[in-house]
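Structure record follows, encoded as structure tokens.
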Amino acid sequence: MVANDLILDDAYMWTEDKKLSPNTEMSPEFRARKHLLFLVGTRPEAIKLAPLIKRAEADPAHWIVTVCFSGQHDELAQQVFELFRIEPQFRLKVMRAAQPLSELSSRLLEAFSPVLADVHPDAVIVQGDTTTAFVGALTAFYERIPVAHVEAGLRTNNPYAPFPEEINRRLIAQIATWHFAPTVRAMKNLLAENIPSEKIFVVGNTVIDAVREILRRAPETNTAEVLAPPDRPFVLVTHHRRESFGLPVERVFWAIEQLAQRHPEIDFLFPVHPNPNVRERAVEILGKKPNILLQPPLPYHLFVHLMAHALFLITDSGGIQEEATALGKHVLVTREITERPETVEAGLAILVGTDQQKLMIAAEQLLSSKSRLQAPISSEVTPFGDGRASERILEKLYAQLGAVEITSKADPAKSSYL
Ligand code: UDP
């Protein structure tokens, strides 16, 4: 892997230059406990906020932690809460079957409003680009509570890819007070949108903290081996993005079906997302091949161990592109465009889009190159950081909260009808 130490170090120097004077740390406010409200909606948010929540919870001298779960991905996120032993104080139930985004957004706004008004934390923390994150940030703005955005600055510059995430994260950037960018590229994207440089901190991505934490733990069961027999090599597949529902999904599945046909010696292990647009097509196209193993979504710890043991990964997930760098795994990205080109630059990802031929050719090339498959290329510092992002975020946020003047509680102009 292209070691990214230099770039990352530069980034830290860059932010160090901008940091508050060390004297701030002596102010009385700095010594006070700060209340953080984490808004979590989906599995990836739960995974990426878990290291931050756990670290803040472990430091009660400095932090009061409240977690609000919107319920956007109900069971998938719950698995993650159990794994990291997180017990949300608020559980909202905003999901309805086949609910359009507009309805989800208005439900979220209504549901978050009383929680934020009630808790009134020093800062609301949102992660990434989901509808929960965007509407959470918007609600915090209406309540005049400052927002910290974790994983800020990712951009494809195409409003419809990923949809609706590209616009969600742009809108969050307009609202947030603090922007925790995972990489220098993300920082530059924010600067190009005139986000003030002193509010941007390049810290790495908390997903590297999460994946390292899981790798440190021994696998809790040998279920990973049951799912993927150790004597059989396997490719790990996920595919579920909204923008490829319909024909693009089918093309990806036909490519996998063909690969499974040509390679009976290899298993294709596919935890299928519960969305019916994906699940029904997967069962229809892939369900009958003996070496395609369709599974329900897997608990995160099992999934990480499977990623670590897979020949390579086929996915349209953003988080998996990042995790691949911590595991030194090659990944074929079934998207036309990625906001994580760092994995491509590290020589680990190939963008194959949803073109059946492209996917098959790239997979065949990987399968025929034993050296590329056998030697996982991993390093301490990945393009997405070194596993200490949550530590840096809390450090920066604490200093910033000590310095920020929060006026909302006393603001007479505050009104739900503004
Ligand atoms: N993941 C998991 N179990 C699975 C499939 C994925 O725990 O069966 C994890 C994966 O390791 C990654 C995250 O879920 O951290 C990705 O979630 P998703 O693809 O829903 O979202 P995205 O990464 O595209 O935002």
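When a ligand or atom number is given, it counts from 1 through the structure's own listing order.
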| Residue portion contacting ligand 1 (non-hydrogen atoms closer than 4.0 Å) for Arg241 | side chain
| Are Glu165 and ligand 1 in contact, using a heavy-atom cut-off of under 4.0 Å? | no
| query | Do NZ/NE/NH1/NH2 and the carboxylate oxygens of Asp209 and Arg392 come within less than 4.0 Å? | reply | no
| Region of Ser317 engaging ligand 1 - heavy atom pairs below 4.0 Å | both
| query | Is Gly318 in polar range of ligand 1, meaning some N or O pair under 3.5 Å apart? | reply | yes
| note | Here the atoms of ligand 1 under 4.0 Å from any heavy atom belonging to Met307 are 11 (O)
| With a 6.0 Å cut-off on ring centres, are Phe180 and His149 close enough? | no
| note | Near Ile320 (heavy-atom distance under 4.0 Å), the atoms of ligand 1 are 10 (C), 12 (C)
| query | If you measure from each non-hydrogen atom of Glu323 to ligand 1, which part falls under 4.0 Å: side chain, backbone, both or neither? | reply | side chain
| Lys/Arg N to Asp/Glu carboxylate O, Glu339 vs Arg169, below 4.0 Å | yes
| Is the shortest distance from a heavy atom of His273 to ligand 1 less than 4.0 Å? | no
| query | Looking just at side-chain N and O atoms, do Glu166 and Asn158 make a donor-acceptor pair shorter than 3.5 Å? | reply | no
| Nearest to atom 25 (O) of ligand 1, what protein heavy atom do you find, and at what distance? | Pro44 CG, 3.5 Å
| query | Taking distance alone, with no angle check, do Leu298 and ligand 1 share an N/O pair under 3.5 Å? | reply | yes
| Does the pair Phe163 and Tyr160 meet the rule for a ring-ring contact (aromatic ring centres under 6.0 Å, His included), with working shown? | CA-CA 5 Å; Phe163 174 84; Tyr160 291 98; 5.8 Å; yes
| request: For Gln78 and Glu82, test the side chains for any donor-to-acceptor distance below 3.5 angstrom and give the result as yes or no. | output: yes
| For atom 9 (C) of ligand 1, closest protein heavy-atom neighbour | Ile47 CD1, 3.8 Å
| request: Going by heavy-atom distance to atom 20 (O) of ligand 1, choose the closest among Arg43, Glu151, His301. | output: Arg43
| said: Could you tell me, atom by atom, which parts of ligand 1 come under 4.0 Å of a heavy atom of Pro271? | reply: 8 (O)
| Does one side chain, of Gln99 or Arg107, offer a donor that lies under 3.5 Å from an acceptor on the other? | yes
| task | Say whether His240 and ligand 1 are in contact under the criterion: heavy-atom distance to a ligand atom below 4.0 Å. | result | yes
| Hey, mind stepping through Phe81 and Phe69 against ring-ring contact (aromatic ring centres under 6.0 Å, His included) and telling me if it holds? | CA-CA 10 Å; Phe81 291 141; Phe69 174 44; 5.0 Å; yes
| request: Mark up the atoms of ligand 1 that fall under 4.0 Å of a heavy atom belonging to Pro297, in ascending order. | output: 8 (O)
| How about Phe245 and Asn275: do any of their side-chain heavy atoms sit closer than 4.5 Å? | yes
| field | Nitrogen or oxygen atoms of Gly319 and ligand 1 under 3.5 Å apart | value | yes
| said: Are Phe201 and Gln400 packed together at the side-chain level, in the sense that at least one heavy-atom pair is separated by less than 4.5 angstrom? | reply: yes
| said: Could you tell me if the side chain of His273 sits less than 4.5 Å from the side chain of His73, heavy atoms only? | reply: yes
| remark: Contact region, Phe303 to ligand 1, non-hydrogen atoms below 4.0 Å, reads side chain
